[in-house]
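Okay, so here's the structure we're looking at.
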Number of protein chains: 2
Amino acid sequence: MRVRLEDVARAANVSPKTVSRVLNDEANVTDATRQRVRAAMEAMDYRPHPSARSLAGNRSFLVAMLYDNNDNPSSTYLAEIQDGVLEACDAHRYSMMVRPLRMRDGDFIRRLDALISDHHPDGVVLTPPITDYAPLLKRLRERNVPYASVSPLRRGKTLGVTMDEQRAARAIVEHLLGLGHRRIAHVVGIADHGASRWRLAGYREAMAAAGLSEDPALVVQGAFTFGSGVEAARQLFSLAERPTAVFAANDDMATGVMWAAGEYGLKVPHDLSVCGFDDTPLSRQLWPALTTVQQPSREMGKIAAEQLLSALRGHGTGRLVQIPFSLQIRGSTATVP
Amino acid sequence: MRVRLEDVARAANVSPKTVSRVLNDEANVTDATRQRVRAAMEAMDYRPHPSARSLAGNRSFLVAMLYDNNDNPSSTYLAEIQDGVLEACDAHRYSMMVRPLRMRDGDFIRRLDALISDHHPDGVVLTPPITDYAPLLKRLRERNVPYASVSPLRRGKTLGVTMDEQRAARAIVEHLLGLGHRRIAHVVGIADHGASRWRLAGYREAMAAAGLSEDPALVVQGAFTFGSGVEAARQLFSLAERPTAVFAANDDMATGVMWAAGEYGLKVPHDLSVCGFDDTPLSRQLWPALTTVQQPSREMGKIAAEQLLSALRGHGTGRLVQIPFSLQIRGSTATVP
DNA sequence: ACGCAAATTGACAGCGCTGTCATTCCTGCC
DNA sequence: GGCAGGAATGACAGCGCTGTCAATTTGCGT
């Protein structure tokens, strides 16, 4: 039969309430007692019953991860974040549930309400691009559900994690400038994603700092997909004056650019330098391997969840952590032809 | 305040137990009563408290989806299955949790035990490649946890869903044969995955049926990744007598083959026909678009979960559903040069 | 109309834990 | 040494639901 808290209490010769206190790391238990109880738990391999805890304590020990699988910034990215969030939840003995929620659907808020009413998550983790969807944030606040975000657009007092994407984008464009490139194109991501804005801003900043005025023909709209990268590149390669380097706002599009380069008989990096953003596994598998910005998605998911949890447990309050990026200079970029 | 079952009971003028019966679709409630209770639930927007149900009823309304994120058959694939499983769980008002579990790790079983003891899932959904890991299945049976599998290797009395991958592979190779190809190469997936075996078997079957004896040089090992496709293709293209068509065991590797074709100056499909398997989003974005086999992963996840749930609820017992495949003939295959 | 079995409904305890508040045990200090 | 005041511990009810079993109603044959 199942070992219950009461059994542990009897074994440790204390009241059930004291075992509960130890279980929940509450104050006012002497070290000696705490040790004794811990030992008993250990010895009996005690596992608290989550439903009982949740029913009695009016908390669910549940974190929900929300994502938009429609405007999907690549399933690899989400899968990595999910792994990170899960790792953090596990470590704190919370459980996690995932929740696709389509921002464009009319019943977004209704579904959110259903999630909250049905499962009572203690908190939620928001992933791009729904980190800044105002009606969502409003409802979460109204219903008093704490949240943490991965790469939120607005950096107010939100909890979560960010990377300085603009500075990273600037750095990678400066890398291209350093190789002598001047006609550097940029393939932009989906318009209203923060990622697209920051990366574009970083591109512009670097170009301006180098004293280059922006050529609108060199800034092409993409949609974060391989296919959109191919199309953007075809557009660029048809230009009278072709770029010598392309900075795509993510690796998938950069891969598309490299693909299109093949179609046009352009050798990368000899005739064309290409770089991306994200450092997806794909980027290392290409040949030549892609110069890109490493974005540690898994780590970011983990940190966001940790900030949320630390806010939930009242240990400190959680904050917006900024994590460093690193440039991955690989074979796809070289000096200007 | 929260609406409880008791409140509904009062509104419908019945006992709480009767409301409970309606909630759980139990027998022995007159239609009139059932209607009345349903109406009251609806009117009050009643949401049963999962923890209370679970505590009193000794079931968790929880399905765990297990996957191996180490030997990962592409995150897109898993993400789609996950979406399907989630959809089915939602429809039946079950909740779902995801659980990465590394088959190669020594503490696989320990982690599985922890999952079961900590969360008491009512059932689990197994995804490749851990659908046939014997110690796992053994432990699940020992601990009396029902499971359903997506594409299990062994088709005994397992619940779940499969596709006739061998026949699909055979069909796609026959498509190539029909185009006049005779030197058809195959890039194999990770050795012990069922998917690799079936697709290889289908390839062999088709070749044999066409009266072609196997040329070992045309069967190259890959690992389901883009990069492994590139390498396999390079190997094939260096052959004295090159293949005129390549069937890769999945789309990622097929994309790698197309990439390598570019390196070798081979135009697809004019100089080389390429086809894959899975019909990932990528396959439609390529140019030319990839001829492949449509594998409806999302649907498969959904069906597997439905079989599990129907077994759990005793409505029928659940079975191993075989779903049809369909060939997606697109631009990457053409008549032999 | 009456009796009986089957169908329907309800009363009540209790799932395993935590919140509240009462009780006991310390400490330090006059 | 005695006492105030805080720290540690415990008693007990109850979170919202379902299992068990008893009570009531219904349908049906005579």
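The sequence lines fix the lettering, A, B, ..., with proteins before strands; numbering per chain opens at 1. Predicted model, so just to flag it, every value in this text is computed and none were measured.
Where B/Arg59 and A/Asn28 each meet DNA chain D at their nearest nucleotide, the meeting point lying more 5' is that of A/Asn28.
Comparing C/dT9, D/dC17, C/dT18 against the side chain of A/Ser20 picks out C/dT18 as the nearest. Of the candidate nucleotides C/dG16, D/dC17, D/dA8, C/dG16 has the atom nearest to the side chain of A/His49. The side chain of B/Val29 lies closest to C/dT9 when the candidates are D/dT9, C/dT9, D/dC17. Set against C/dG10, D/dG10, D/dG16, the side chain of A/Val14 has D/dG10 as its closest nucleotide. Set against D/dG16, C/dT8, C/dG19, the side chain of A/Glu26 has C/dG19 as its closest nucleotide. The side chain of A/Lys17 sits closest to D/dA11 out of C/dC17, D/dA11, C/dG10. Closest approach to the B/Leu55 side chain among D/dT20, D/dT9, C/dC15 is made by C/dC15 (side chain taken as heavy atoms from C-beta onward). In the set C/dC17, C/dG14, D/dG19, the nucleotide with an atom closest to the side chain of B/Ala56 is C/dG14.
Distance, A/Asp25 CG to C/dT18 P: 12 Å, rounded to whole Å. Distance, B/His120 NE2 to C/dC15 C1': 12 Å, rounded to whole Å. Computed from coordinates, the B/Phe61 CZ to D/dG16 P distance equals 17 Å when rounded to whole Å. The distance from atom CG of B/Leu5 to atom C1' of D/dG16 is 8 Å, rounded to the nearest whole Å. One can place CD of B/Glu6 at 19 Å from P of C/dT9, the figure rounded to the nearest angstrom. Between A/Arg2 atom CZ and C/dG14 atom C1' there is a gap of 16 Å when expressed in whole angstrom units. Residue B/Asn13 contributes atom CG, which lies 12 Å from atom C1' of C/dT9 at whole-angstrom precision. Rounded to a whole Å, the CZ atom of A/Arg10 is 14 Å from the P atom of D/dG10.
Residue A/Thr30 places at least one side-chain N or O closer than 4.0 Å to OP1 or OP2 of D/dT9. Regarding contacts with the backbone of C/dG16, every side-chain N or O of A/Tyr46 stays at 4.0 angstrom or more from both OP1 and OP2. In terms of phosphate contacts, B/Thr18 brings a side-chain nitrogen or oxygen within less than 4.0 Å of OP1 or OP2 of C/dG10.
For the residue pair A/Thr131/A/Ser149, the side-chain donor-acceptor check at 3.5 Å is not satisfied. No side-chain N or O of A/Asn13 forms a donor-acceptor pair with one of A/Arg36 less than 3.5 Å apart.
The residues B/Glu6 and B/Arg10 are annotated as salt-bridged, a charged nitrogen and a carboxylate oxygen being separated by less than 4.0 angstrom. Using a cut-off of 4.0 Å between Lys/Arg side-chain N and Asp/Glu carboxylate O, A/Asp113 and A/Arg143 are scored as salt-bridged.
A donor N or O paired with an acceptor N or O is not found under 3.5 Å between the base of C/dG19 and the side-chain atoms of A/Arg21.
Helix-axis bend for the helix from C/dA1-D/dT30 to C/dC30-D/dG1: the local axis fitted to the five terminal pairs at one end deviates from that at the other end by 40°, rounded to 10°.
Contact of the A/Leu137 side chain with the A/Tyr147 side chain is registered, since non-hydrogen atoms from C-beta on lie closer than 4.5 Å. Residues B/Arg93 and A/Asp118 have side chains in contact (heavy-atom distance under 4.5 Å, counting atoms from C-beta outward).
Distance alone, capped at 3.5 Å, places no donor-acceptor pair between the A/Asp90 side chain and the A/Glu87 backbone. Remark: side-chain polar atoms of A/Asp132 are paired, donor with acceptor, to backbone N or O of A/Arg154 under 3.5 angstrom.
If you check every strand for non-hydrogen atoms under 4.0 Å, B/Thr33 touches sugar and phosphate atoms only. Note on B/Asn58: nothing from the nucleic acid sits closer than 4.0 angstrom, heavy atoms only.
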